Structure formats: C-alpha cells, structure tokens
Amino acid sequence: MSTYDSAFGYVSAHGAPLVDLLDPQPGEKIIDLGCGTGTFSAEIAERGAEVLGIDGAPEMVARASTLNPGLSFTIGDAHDFSTSEPFDAVASNAALHWMTRDPDAVIARVHGALRPGGRFVGELGGAGNCAELIAAMQTAWRVFGLGEPELPWYFPTPAEYAARLEDGGFTIRLLEHADRPSRMTECPDGAADWIRIYAPSALIDVPPELVEPLLTRVNELAAPALRRESGWVADYVRLRFAAVRKPDGSTPLP
Ligand SMILES: C[S@@+](CC[C@H](N)C(=O)[O-])C[C@H]1O[C@@H](n2cnc3c(N)ncnc32)[C@H](O)[C@@H]1O
C-alpha cells in the first residue's frame with residue numbers, strides 16, 4: 001500500500017485519467033462519492049481495490065448496482081454520511097460541484113471517513129466552468145423578461161477550494177485548474193439540450209409556451225463561441241486535486 005508520503009508524486013495529472021491520480025492499490029478500501037451509475041467505481045475496482053459507491057439519488061444507486069453486480073453501492077448524502085470503518089481513500093468524479101448546500105460539510109464528512117494519511121482525490125467544475133453557456137442563458141432569460149436562471153452548481157476557484165481543504169484538515173499535494181473543452185456529443189441540439197439535461201431546474205418557472213423560443217435564443221447566443229463545424233463544444237473548466245488527511249495530532253513543521 002502506498003503511503004501518503006509517496007502517493008501522487010509520479011503522476012502527471014493534467015489530462016491523465018483521474019483513476020491514475022488516485023492510484024488505487026489492491027486491497028485498499030475506497031469510497032466513490034457521488035458515484036452515479038458506477039463507471040468510475042468500476043475503474044477503481046479494476047485496480048483491485050474494494051469500492052463503496054455512495055450517491056444521493058436512489059435511481060443512480062439502483063442503476064449502478066445493476067450495471068456493476070460485484071460492487072457495493074449505497075444511498076447517502078455527501079453532506080451527511082459516515083462509515084463504520086476508516087477508508088484509505090475517497091474519490092469523486094464530476095460530482096462535488098453538484099453538492100452545493102455546504103461544501104465544508106462534504107469535506108468534513110470525507111475527513112471523518114478517512115484514516116489519517118488517507119487520500120481525497122477529486123475532479124469538479126472549477127471557476128469559469130461553462131461560462132459561455134451560462135452567459136447565454138442569463139442573456140436569454142433577460143431578453144425574455146425572466147428573472148435570473150437558477151443554477152444548481154458550485155464552481156470554486158482553486159484558492160477557495162484549497163482553503164476549504166486545508167481548513168478541513170487536509171494537506172494538498174496537487175491542485176489544477178484547467179480548460180477542458182469537450183464535445184457535446186450527448187447534446188445534438190447544443191446549448192438547448194445541455195440545459196434540458198443538466199439544468200432542468202432553471203426551466204421550472206419558465207412559462208411552458210416560452211421554453212422553446214427561450215432555448216432557441218440560448219442556442220443563437222452561445223453558437224458563436226461554442227458551435228464548430230464538427231458540432232457543439234462545451235467550455236468546461238475542471239478543478240482537479242489530490243489531498244491527504246493530516247495525521248492526527250500532527251504539529252506544524254518549523
Ligand atoms: C454528473 S454525476 C457523476 C457520476 C459519476 N461520478 C461519474 O463520474 O460518472 C453527479 C452525481 O452526483 C450525485 N450527487 C449530487 N449531489 C449529491 C449529494 N449531495 N450527495 C451524494 N451524491 C450527490 C448525483 O446524484 C449524480 O449521480
């Protein structure tokens with residue numbers, strides 16, 4: 001088992017799969033927080049670790065269990081979960097920015113689930129994530145005389161998230177904030193589909209007869225920045241980090 005002193009040292013994180021930064025070791029106990037349908041959990045398990053996937057959505061946990069019969073999944077809110085035994089690592093892919101109620105509470109729960117020296121490795125949307133998509137939404141909402149659209153995410157700056165991790169009892173080993181333009185293959189109707197899939201809550205208070213013209217306007221506004229001949233590209237910005245839980249009772253070095 002790698003110790004927290006040696007972990008992370010040799011991985012070039014930028015662009016590498018998150019599982020390589022996590023570097024699961026055979027026999028390690030690892031939580032996949034916000035596991036969704038368990039794709040990342042399965043990658044971790046392939047390296048020989050024992051994975052527990054936790055997700056707040058019962059339908060996600062049901063689907064993850066069906067798709068990955070040998071793995072363990074449970075329903076739980078990341079703000080409020082506890083474990084009966086200490087884990088070697090907590091990992092989270094594309095989920096922490098959905099946990100908006102209290103990011104410090106999530107970090108505290110992760111800390112509580114880890115053994116001293118245990119790893120917390122994650123990737124989430126960082127400050128500036130989807131800025132063009134969000135600006136197009138906000139302009140279109142204004143043009144149609146609607147209030148500000150309700151956005152369901154938390155996209156922290158690296159400095160902000162680093163401070164939260166350090167205040168929460170972690171030592172940061174790596175923190176990256178990088179553009180990751182990504183083809184919107186799941187969104188043939190571009191920004192409009194993206195809102196339908198990822199921000200349906202923003203449409204709840206929109207009068208039904210305005211939804212389609214509003215989404216058409218979002219597409220017109222977003223197209224110059226995000227539409228290529230080959231298709232739509234989302235302006236993703238990712239925050240990726242690797243941290244370790246400080247040893248209990250550790251005293252700062254001089
Ligand atoms: C975009 S999905 C990512 C799924 C998975 N990690 C992956 O890489 O495919 C985000 C997941 O976070 C979960 N989630 C959001 N808020 C949560 C919370 N407070 N507690 C636990 N899970 C949460 C959602 O239910 C969803 O399954």
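Every number for a ligand or one of its atoms is a count from 1 in the order of the listing. None of these values were measured; they are calculated from a predicted model. Count residues from 1 along the sequence.
Considering each of Asp80, Asn93, Asp55, Asp32, the one bringing a non-hydrogen atom nearest atom 24 (C) of ligand 1 is Asp55.
Those atoms of ligand 1 with a heavy atom of His79 less than 4.0 angstrom away are 19 (N). Those atoms of ligand 1 with a heavy atom of Gly36 less than 4.0 angstrom away are 4 (C), 27 (O). Within ligand 1, counting atoms from 1 as listed, the ones closer than 4.0 Å to a heavy atom of Ala57 are 25 (O). Close approach of ligand 1 to Gly56 is summarised as follows: ligand atoms under 4.0 Å from at least one heavy atom of the residue are 21 (C), 22 (N), 23 (C). Close approach of ligand 1 to Ala94 (heavy-atom distance below 4.0 Å) involves ligand atoms 1 (C), 2 (S), 3 (C), 10 (C). Those atoms of ligand 1 that come under 4.0 Å of a heavy atom in Ala78, given as number and element, are 18 (C), 19 (N), 20 (N), 21 (C).
Side-chain N/O atoms of Glu166 and Tyr161 include no donor and acceptor closer than 3.5 Å.
The nearest heavy-atom contact from the protein to atom 15 (C) of ligand 1 is Trp98 CB, 3.6 Å. Looking only at protein heavy atoms, the nearest one to atom 12 (O) of ligand 1 is Ala95 CB, 3.6 Å. For atom 17 (C) of ligand 1, the nearest non-hydrogen atom of the protein is Met99 CG, 3.7 Å.
Of the polar atoms of Gly34, at least one N or O is found under 3.5 Å from an N or O of ligand 1, judged by distance alone. An N or O contact shorter than 3.5 Å links Asp77 to ligand 1 by distance.
A salt bridge does not link Glu220 with Arg227: none of the charged nitrogens is closer than 4.0 Å to a carboxylate oxygen. Ion pair Asp104/Arg164 flagged as a salt bridge, since at least one NZ, NE, NH1 or NH2 atom sits closer than 4.0 Å to an Asp/Glu carboxylate oxygen.
Seen from the ring of Tyr236, Arg238 counts as a face-on cation partner, given the 6.0 Å and 45° thresholds.
There is a protein heavy atom closer than 4.0 angstrom to atom 19 (N) of ligand 1.
At a threshold of 4.5 Å between non-hydrogen side-chain atoms, the residues Leu52 and Asp32 do not count as touching.
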message: Go through it in stages, so that I can follow the logic: the residues are Glu212 and Arg217, the test is salt bridge (charged side-chain N to carboxylate O under 4.0 Å, His left out), and I'd like the CA-CA distance, side-chain angles, deciding distance and then a yes or no.
response: CA-CA 9 Å; Glu212 286 312 311; Arg217 192 55 179 265; over 6 Å; no
message: Assess the residue pair Leu215 and Arg196 against the criterion (side-chain contact (heavy atoms from CB on, under 4.5 Å)); give the C-alpha distance rounded to whole Å, side-chain angles, the decisive distance to 0.1 Å, and a yes or no.
response: CA-CA 9 Å; Leu215 293 180; Arg196 292 184 187 104; 3.7 Å; yes
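Of all the heavy atoms of Arg101, none lies under 4.0 Å from any atom of ligand 1, so neither backbone nor side chain is involved. Of the heavy atoms in Cys35, only backbone atoms (N, CA, C, O) come closer than 4.0 Å to ligand 1.
Close to ligand 1: Gly76, with a non-hydrogen atom less than 4.0 angstrom away.
Aromatic pair Phe120/Phe241: centroids less than 6.0 angstrom apart.
A tilted orientation is assigned to the rings of Phe155 and His97, their planes being inclined by 30° to 60°.
Annotation: Glu186, atom CD; neighbour count of heavy atoms from other residues, nucleotides and ligands within 6.0 Å is above 12.
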